[in-house]
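Below: the structure, in structure tokens.
Just the heavy atoms: all of them, side chains too, but no hydrogens, waters or symmetry mates, feed the values below. Just so it is clear: chains get the letters A, B, ... in the order the sequence lines come, proteins before strands, and each one is counted from 1.
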Protein chains: 2
Amino acid sequence: MNPFRTKPNPITDDGDGLTFCSSCAFAGVCHSEGYDKSALQELHCLVQHVGPYPAGTLLFREGDPFNAIAAVRSGMVKTFRIDASGRKQVLGFFLLGEIIGLDAIHSARFPCNAVALDTVSLCRFSFPMMATLATRMPGLQTQLFRLLSQDINKAAAMAGDFSADERMAAFVLSISRRFASRGFSPNRFALSMSRTDIGNYLRLAAETVSRVVRRFQDEGLLLVDRREFEILDMARLRCLALPLLRE
Amino acid sequence: MNPFRTKPNPITDDGDGLTFCSSCAFAGVCHSEGYDKSALQELHCLVQHVGPYPAGTLLFREGDPFNAIAAVRSGMVKTFRIDASGRKQVLGFFLLGEIIGLDAIHSARFPCNAVALDTVSLCRFSFPMMATLATRMPGLQTQLFRLLSQDINKAAAMAGDFSADERMAAFVLSISRRFASRGFSPNRFALSMSRTDIGNYLRLAAETVSRVVRRFQDEGLLLVDRREFEILDMARLRCLALPLLRE
DNA sequence: CGGACCCTTGAATTATGTCAAAAGGGGTGG
DNA sequence: CCACCCCTTTTGACATAATTCAAGGGTCCG
């Protein structure tokens, strides 16, 4: 009955001292530039594998001193902050290979909290060491600039004025693409976050998320069972999400 | 009758080969690190003064190849994009010393348009050259990282779910602070953008901007004459803007 | 002096939020 | 294996902030 029985099989290699995990945002930094093995070793030296942390673990909290960024090695992470009037704003969900903490560079403190949505392992990169290394590895510096710049664009896209339908469509499509680029199915995936979290991320009430998802199902766009999603009409979804899509 | 007769007097020095314009985002990069004069000269060598451009000049447009960032030397710049359904989203307003173009690094193309809101002069920095220089000047690299990270936070703040009052209060306060840090009055300033632009930035209809401004006046928070603003009750304004404020 | 544009104001509409309650799973313990 | 409880999700009814539509009034500029 459940159409989501078959789960995608994560390919989470740990790197071998010469290459990074294939899905990591830093994969390719070296090879593209033809760096020698010593530089590569250096990059690996400043990586620290941490975790696994069980679902619900608070990875860092707002105000914590910043000293490292992290790439998700497995699981899913949510970042959020609680504003002055107690409202929760979800800033992002981070999938395999995505980088957490770039927003903390500015003030040298984390501007938000991060929590594991399921069992999470991370690669921790000392940022001071990485910045130093980046002075000797222009490719690494470039990649850091690009990642930072990309996050500006992501945040700006969320800041736009879009309808609930557009936001929801863009959200589903974004997850789909990010899973797809990591070798998972673009059509079927399981989300780890609650409707409330999705709502706080998309700036919608949880009830609105629920209603939009229902309507998308009624209209044949999606097939949803609890937190498992199947995209039935990618084209129409993309069409809806068009105003928000930015890459 | 007009309470805004006295205009603030801009202090826009042009640098002298040893120091940068005092309000520029790159001011202090060198001195803080004790670099020698040659490094400083290099930084100055990659700066190109451009403009002045009259109000309405399109400085770059979405899709243009990216090769340089720019600091505002005088005037005010607006960046915006038109989404797939024709809606205009204003991404930011840039004051004296603020850096435009950091969001273009990621894709090597400008993701938005930029237009001069009044007479605008810029300092243009070749980004490839700057990045190269940053490998030899850690202080410059750090500053670039910080500026990029700051922009993530700015964009994320705009992405939150706030009322029209909160957004408007935060907007006025933000302008006030930015003017103040450049030596202008925090209490009186003239905006160069239309209500429509403010609305597109704050994700509000122009009519809503107008109504909120009126109410703020009725409540004694502001004194507004066309595009000239005077803040009468900074404390209450700050209180309103609290949920949005982030630095 | 005319025209264009911007801003303001009012009235009606609407998308989304809020409140409340019920339904559905999943886990736990008997 | 069932009964119960807790938590998330769904659904409905209602409330409301903000938009939209429409008109009028200022102001600036040619």
Sugar-phosphate atoms are those with a prime plus P, OP1 and OP2; base atoms are the rest. Using that split, label each nucleotide of nucleotides 13-23 of chain D B, S or - for protein heavy atoms under 4.0 Å, 5' to 3'. B----SBBB--

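Rounded to whole Å, the distance from CD on B:Gln217 to P on C:dC7 is 14 Å. Regarding A:Ile198, its CD1 atom lies at a distance of 9 Å from the P atom of D:dT10, rounded to whole Å. One interatomic measurement links the two molecules: CG of A:Leu191 to P of D:dT9, which rounds to 10 Å at whole-angstrom precision. In this structure, the CG atom of A:Asp218 is 12 Å from the P atom of D:dT10, given to the nearest Å. The CZ-P distance, from A:Arg195 to D:dC7, rounds to 18 Å in whole Å.
Among A:Phe93, A:Phe94, A:Phe80, the one residue that satisfies the ring pair (Phe, Tyr, Trp, His ring centres under 6.0 Å) test with A:Tyr201 is A:Phe93.
Taking CG from B:Asp197 and CZ from B:Arg195, the interatomic distance works out to 11.0 Å, rounded to the nearest 0.5 Å.
Ring planes of A:Phe179 and A:Phe184: perpendicular class, angle over 60° (limits at 30 and 60°). Relative ring orientation between B:Phe60 and B:Phe110 is described as parallel, the plane-to-plane angle staying below 30° on a 0-90° scale split at 30° and 60°.
Looking only at side-chain heavy atoms (C-beta outward), B:Val77 and B:Val115 stay at 4.5 Å or farther from each other. Side-chain atoms of B:Thr208 and B:Leu202, non-hydrogen and from C-beta on, never get closer than 4.5 Å to each other. B:Tyr53 places none of its side-chain heavy atoms less than 4.5 Å from the side chain of B:Ser121.
Looking only at distances, no side-chain donor or acceptor of B:Gln48 sits under 3.5 Å from a matching main-chain atom of B:Phe125. The backbone N or O of A:Val120 lies less than 3.5 Å from no partner atom in the side chain of A:Ser74, so there is not a single donor-acceptor pair.
Contacts of B:Arg167 with the nucleic acid, taken as non-hydrogen atoms under 4.0 Å apart, are absent.
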I'd like a list of close polar pairs between nucleotides 26-30 of chain D and the protein, N/O only, cut-off under 3.5 Å.
none

State the dot-bracket string of DNA chain D. Criteria: Watson-Crick or G-U wobble, both atom distances under 3.5 angstrom; notation: ( ) intrastrand, [ ] crossing earlier pairs, | interstrand, . unpaired. |||||||||||||||||||||||..|||||

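At most 12 non-hydrogen atoms from other residues, nucleotides or ligands lie less than 6.0 angstrom from CZ of A:Arg61.
In the set C:dC7, C:dT8, D:dT10, C:dT8 carries the atom at the smallest distance from any side-chain atom of B:Arg214.
Of the N and O atoms on the side chains of A:Asp118 and A:Ser192, at least one donor lies less than 3.5 Å from an acceptor on the other residue.
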